[in-house]
Amino acid sequence: MTLKKIDTSFWKLDDAEWVQAREAYWPTLEVMLKAYKPKKKNISPIKDYYLRGKMPNWNGYKDWEDSSRHLDLFMFLWLHPSWDEGVLTELRDRYITSDLIVFEDVQKGFGEFLDSQIDIAAAPYRHMSQVIFPYIQGKGELLFKVMMGNPEITQYEIQGHPTIGKKGMFELPKEDLTVLCTMGSWLCIANMLPIHNDFLFQYDQPLEWWYQSVHAVDVFAQNERHQKIKPQIEKALWRIHHFDTEKEGDTCRTRFVTKMRKILDERPFIKDIKTMWEKVKAGEVQVEDPWER
């Protein structure tokens with residue numbers, strides 16, 4: 001499999017209406033991308049790919065020491081014209097096993113994707129015009145599934161790492177327990193915008209990924225920083241327990257809260273989380289300004 005030449009028939013360059021729509025949306029994308037890709041050299045290959053399906057000069061960029069990179073894995077999948085899971089999965093496998101990309105192209109891609117679908121999707125925007133980060137219009141669940149790939153394979157040997165030599169081992173990312181605070185902040189948003197409805201942990205597979213990453217890791221014993229944020233984690237648990245699902249109705253947040261309560265009630269967790277959760281349910285935890293971020 002190669003990245004030098006991919007199937008570009010998905011770019012309907014003979015369809016004037018399709019091309020016009022693609023070109024019309026590019027300025028909006030460019031504004032989003034500049035938060036992650038600040039230089040023209042970052043953006044140009046992404047634009048060529050988005051508009052025409054043109055591959056970057058992979059060899060020319062291979063040793064480029066820029067942590068922002070260019071057509072990283074996230075950009076490669078998100079900006080492809082097709083949303084067919086099979087098509088994207090093949091492209092993901094081509095990318096992640098190619099000797100044309102470098103370690104940072106994969107690492108940066110995962111980082112950008114998770115950041116945009118977790119932290120940014122929980123940020124307190126008042127209007128969509130304020131959103132200057134990737135807004136992927138409800139495709140987070142699909143992209144998560146595609147990017148994570150085969151759950152039995154968690155490590156990949158990546159070619160062409162410019163700093164550690166010819167090869168480097170990339171391990172699929174895991175989440176941290178402190179993302180509970182982000183979950184709690186998301187439940188406090190008064191004016192839900194389209195980007196907020198993309199929050200990744202509303203979906204089963206990402207939520208399970210979070211749980212498997214954290215449930216058995218006693219971070220409080222391992223890390224003094226986690227000890228200091230126990231009150232914030234406790235507040236997040238309070239919000240999950242007290243979130244008014246009846247008032248909220250059948251929304252992504254209600255579905256998320258229902259799943260989280262079931263996880264916290266029925267599944268194993270480290271002792272500190274279990275203790276905090278039981279205290280919250282018993283009414284033993286008082287939270288000041290609980291719905292203020």
Side-chain angles (χ1 to χ4, degrees), residues 110-111 113-126 133 140-141 144 173-193 195-293:
F110 275 96
F113 170 69
L114 293 173
D115 180 50
S116 67
Q117 301 311 293
I118 299 172
D119 293 332
I120 302 308
Y125 298 110
R126 295 184 179 181
F133 296 91
E141 182 179 24
F144 181 89
K174 294 183 179 180
E175 193 48 91
D176 190 273
L177 184 68
T178 57
V179 84
L180 271 167
C181 300
T182 307
M183 295 172 178
S185 295
W186 181 58
L187 297 179
C188 293
I189 296 172
N191 179 32
M192 290 286 285
L193 300 173
I195 193 168
H196 298 135
N197 291 320
D198 275 1
F199 189 61
L200 191 62
F201 292 119
Q202 66 183 285
Y203 303 116
D204 291 344
Q205 189 171 340
L207 188 58
E208 182 65 21
W209 165 71
W210 170 79
Y211 172 76
Q212 293 298 337
S213 295
V214 305
H215 80 278
V217 181
D218 192 351
V219 293
F220 298 113
Q222 299 173 359
N223 192 318
E224 184 178 344
R225 182 179 69 88
H226 285 77
Q227 286 282 354
K228 293 179 179 179
I229 63 171
K230 268 188 174 181
Q232 290 96 311
I233 292 177
E234 192 172 64
K235 179 182 280 191
L237 293 172
W238 190 97
R239 289 167 172 168
I240 291 168
H241 177 66
H242 289 277
F243 188 77
D244 191 342
T245 56
E246 185 174 347
K247 179 180 178 181
E248 175 82 0
D250 184 18
T251 71
C252 56
R253 293 198 295 188
T254 291
R255 293 188 288 274
F256 161 78
V257 164
T258 301
K259 294 172 188 175
M260 276 295 293
R261 290 171 180 169
K262 187 176 179 64
I263 287 173
L264 291 163
D265 281 340
E266 300 178 4
R267 300 180 70 177
F269 236 115
I270 59 172
K271 183 179 178 181
D272 284 287
I273 293 297
K274 278 293 189 182
T275 299
M276 281 190 270
W277 180 242
E278 293 304 321
K279 287 174 63 179
V280 164
K281 292 196 297 180
E284 298 174 11
V285 174
Q286 300 300 316
V287 175
E288 185 176 349
D289 299 321
W291 301 109
E292 293 294 325
R293 293 177 62 96

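Model, not experiment: these values are computed from the prediction.
Nearest approach of Cys181 to Gln232, heavy atoms of both residues: SG-CB, 3.7 Å. Closest of all the heavy-atom pairs between Gln222 and Val217 is OE1-CG1, 3.9 Å. Taking both residues in full, the closest heavy atoms of Ile118 and Trp209 are given as CD1-CZ3, 4.5 Å, listed atom of the first, atom of the second, then distance. Across all non-hydrogen atoms, the minimal contact from Leu187 to Phe243 is O-CE1, 3.5 Å. Pairing each heavy atom of Trp238 with each of Pro290, the nearest pair is CZ3-CB, 3.2 Å. When every heavy atom of Ile270 is checked against every heavy atom of Ala216, the shortest pair comes out as CG2-C, 3.8 Å.
Listed by chain and residue number, Glu266 satisfy the salt bridge (Lys or Arg N to Asp or Glu O under 4.0 Å) test with Lys262 (two or more places apart in sequence, or in another chain). With sequence neighbours excluded, the residues forming a salt bridge (Lys or Arg N to Asp or Glu O under 4.0 Å) with Asp204 are Lys259, listed by chain and number. Partners of Asp265 under the salt bridge (Lys or Arg N to Asp or Glu O under 4.0 Å) rule, at least two apart in sequence or in another chain, are Lys281.
Test Arg239, Gln202, Met260 against Met183 for side chain to side chain contact (heavy atoms under 4.5 Å, CB included) and you get one pass: Met260.
Summarising the geometry, atom OG1 belonging to Thr182 is positioned 5.0 Å from atom CG belonging to Asp119; distances are rounded to the nearest 0.5 Å. Expressed to the nearest 0.5 Å, how far CD1 of Ile189 lies from CG of Asn197 amounts to 9.0 Å. Atom CG of Leu177 sits about 6.5 Å away from atom CH2 of Trp210, to the nearest 0.5 Å. Rounding to the nearest 0.5 Å places NE2 of His241 at 10.0 Å from CD of Glu278. Rounding to the nearest 0.5 Å places CG of Leu264 at 12.5 Å from NE2 of His215.
Within the 4.5 Å cutoff, side-chain heavy atoms of Gln205 are placed close to those of Phe144. Considering only heavy atoms from C-beta on, Phe201 comes within 4.5 Å of Glu175 through its side chain. Counting only heavy atoms from C-beta outward, the side chains of Val214 and Leu180 never approach each other to under 4.5 Å. With a 4.5 Å cut-off on side-chain heavy atoms, Asp198 and Ile120 do not count as touching.
Residue pairs meeting the salt bridge (charged side-chain N to carboxylate O under 4.0 Å, His left out) criterion with at least one partner in residues 267-276, sequence neighbours excluded, are Glu208-Arg267, Lys230-Asp272. The list of side-chain hydrogen bond (donor to acceptor under 3.5 Å, both in side chains) pairs with a residue in residues 283-293, not counting sequence neighbours, is empty. For residues 241-254, the salt bridge (charged side-chain N to carboxylate O under 4.0 Å, His left out) pairs, not counting sequence neighbours, are Glu248-Arg253, Asp250-Arg255.
Classification of the Trp186-Phe256 ring pair by plane angle, with boundaries at 30° and 60°, yields perpendicular.
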